[in-house]
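These numbers come from the heavy atoms of this one structure, side chains and all, not from hydrogens, waters or symmetry mates. Keep in mind that what you see is a predicted model, and the values were worked out from it rather than measured.
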Amino acid sequence: MKKSLVISLLLFLPCLILPAQDPRVIKENPSYIWGEASGNDYESAQAKALDALIAKLAASDILLLPSRSRISVWNSYRTDIISASDVIGNNGSMLRYMAWKDVGRIFSRRKNLVNELSARARRKISSGRNGEAATCLEWALTLLEALPEDKDLEAQLRTARNALGTVNPVDIPSLSYIGREVALIRSALRSGIPKVKPATPKLPLKPEEKETRTHAIQKLPPVVFPEGHANSTYYTEHQLIPREIEPTAIIGEEPGTSPRLTLIALAQCSANPQVQPGILLGTKYGKVGGYVSFRKSLSIIDEEYSCLSDGSTDYGYIWTSGLSKRSGYGFSAGILLGVNSWLSAYAGAGYGNSLLFWEDVSGQWARVLDKSFKGPVVEGGFVMCAGQDGRPCRIAFITGLSTISFRTVSPTVGIGLSF
């Protein structure tokens, strides 16, 4: 019974590890928004698919922006969109997609920056450093222009800035990374504004030239944006004007890059039939990677002879003192596969043992042969990361099951870090 249960769990594990995502189903499901593109290589296809997704997000009214700057402002979220979305191959092209319910994750990092700047401004005002407070408030107001509308917060920040009067903002070297992002947003908000050139006198056109030029100019129909993405969450291709978008440089990640290297280091412990602490080290590039694992019990026992569970030995029967101990180890290696930004599944195999010892009345230890196991180890489970995706370091947890020759079932838990 135990063996069949373990086999069933291990056979079912790949179904959890490899959740089939059908591109056709995603494209037909109105709860998803997606962008698809092909390219000469993997990186260019990834970048173009991201551009296509950004174009669809810009066609919504999530951000209330002038049409001339929508693409530029949404491009400033490239890193955040990569973190909040997934990508799969589709017949030679790449499909980047995300659920509409997850769109709010795109703005989490920038909202946190606004809250941080607001709190810092209050501290600077209380310490009399009004120049730095003015910088924090003006930066926060710029960030709000590229976020979903929050009139109450905007009014609070603007009131606080006006209360400072004509104080000039000053540089804050420790927050230069925020300053660069603010400059990027300000540039995006100004994009598309035509430069005023001096008017030059022109000669009047001849009648035949007027007619020719009138026919040459074609007025494009305006882009109609949906009134609310909650009620109209799926946009077909003809609602967007296709155009090439220049990749925008974002702090911390190169344009068009999606896969990144992740390192995982965990302290783990398995139980049943004995406690075995150990470590697990893994790495992923994008969503695919591998790991190695080692566990060993703390008991060190000198085996003097062996017996069976009925007490029989080579020379007769054992007279036990009533004490028993277990000792064992296990090492394995396998694959890591990302399910989403915070969850990865693992499955692997290796070798291990679990040995039972009885103490006799003379203080010697005998290994109980028919209650001791050794052979191949098969294991599987999940690694979960807590914290915002894209941070340099996140807390990671592991939970899973392992078996030795399908004769034991050992739960595994652990905690560590993901870099």
In terms of side-chain heavy atoms, does [X] have a donor or acceptor partner in [Y] at a distance below 3.5 Å?
{"X": "Ser85", "Y": "Arg96", "answer": "yes"}
{"X": "Ser93", "Y": "Glu36", "answer": "yes"}
{"X": "Ser332", "Y": "Glu379", "answer": "yes"}
{"X": "Ser344", "Y": "Lys284", "answer": "yes"}
{"X": "Arg326", "Y": "Ser354", "answer": "yes"}
{"X": "Asp41", "Y": "Ser44", "answer": "yes"}
{"X": "Gln268", "Y": "Ser293", "answer": "yes"}
{"X": "Asn112", "Y": "Arg109", "answer": "no"}
{"X": "Ser126", "Y": "Arg122", "answer": "no"}

For the residue pair [X] and [Y], establish whether any side-chain heavy-atom pair is separated by less than 4.5 Å.
{"X": "Leu175", "Y": "Ile178", "answer": "yes"}
{"X": "Val182", "Y": "Trp139", "answer": "yes"}
{"X": "Val368", "Y": "Phe357", "answer": "no"}
{"X": "Ile54", "Y": "Ile81", "answer": "yes"}
{"X": "Lys325", "Y": "Trp365", "answer": "yes"}
{"X": "Leu261", "Y": "Thr283", "answer": "yes"}
{"X": "Pro411", "Y": "Leu401", "answer": "yes"}
{"X": "Ile88", "Y": "Met94", "answer": "no"}

Flag if over 12 foreign heavy atoms under 6.0 Å of [atom1], [X]:
{"X": "Lys371", "atom1": "NZ", "result": "no"}
{"X": "Asn40", "atom1": "CG", "result": "no"}
{"X": "Ile300", "atom1": "CD1", "result": "no"}
{"X": "Asp370", "atom1": "CG", "result": "yes"}

With no hydrogens and no angle check, is any side-chain donor or acceptor of [X] less than 3.5 Å from a backbone partner on [Y]?
{"X": "Ser176", "Y": "Ile172", "value": "no"}
{"X": "Asp171", "Y": "Pro173", "value": "no"}
{"X": "Arg161", "Y": "Gly165", "value": "yes"}
{"X": "Arg70", "Y": "Leu65", "value": "yes"}
{"X": "Asn353", "Y": "Tyr329", "value": "yes"}
{"X": "Ser127", "Y": "Arg123", "value": "yes"}
{"X": "Thr135", "Y": "Val170", "value": "yes"}
{"X": "Arg105", "Y": "Ser83", "value": "yes"}
{"X": "Thr313", "Y": "Gly316", "value": "yes"}
{"X": "Thr403", "Y": "Thr408", "value": "yes"}

> So, Tyr32 versus Tyr97, ring centres under 6.0 angstrom or not?
Replying inline: yes

> With Ala366, which residues qualify under side chain to side chain contact (heavy atoms under 4.5 Å, CB included), at least two apart?
Replying inline: Tyr305, Cys307, Ile318

> Does a salt bridge link Glu181 with Arg186, judged by any charged N lying under 4.0 Å from a carboxylate O?
Replying inline: no

For residues 143-157, which side-chain donor-acceptor pairs fall under 3.5 Å, sequence neighbours excluded?
| residue | atom | partner | partner atom | Å |
| --- | --- | --- | --- | --- |
| Asp150 | OD1 | Leu153 | N | 3.2 |
| Glu154 | OE2 | Arg158 | NH2 | 3.1 |

> Can you name the nearest heavy-atom pair linking Leu266 to Gly416, along with the distance?
Replying inline: CD2-N, 3.2 Å

> Which pair of heavy atoms, one from Ser270 and one from Ser410, lies closest together, and at what distance?
Replying inline: CB-CB, 4.4 Å

> What's the verdict on salt bridge (charged side-chain N to carboxylate O under 4.0 Å, His left out) for Asp51 and Arg78, showing C-alpha distance, side-chain angles and the deciding distance?
Replying inline: CA-CA 9 Å; Asp51 289 339; Arg78 291 182 80 89; 2.8 Å; yes

> With sequence neighbours left out, what residues match Phe107 under ring pair (Phe, Tyr, Trp, His ring centres under 6.0 Å)?
Replying inline: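 Listed in chain order: Trp74, Tyr77.
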
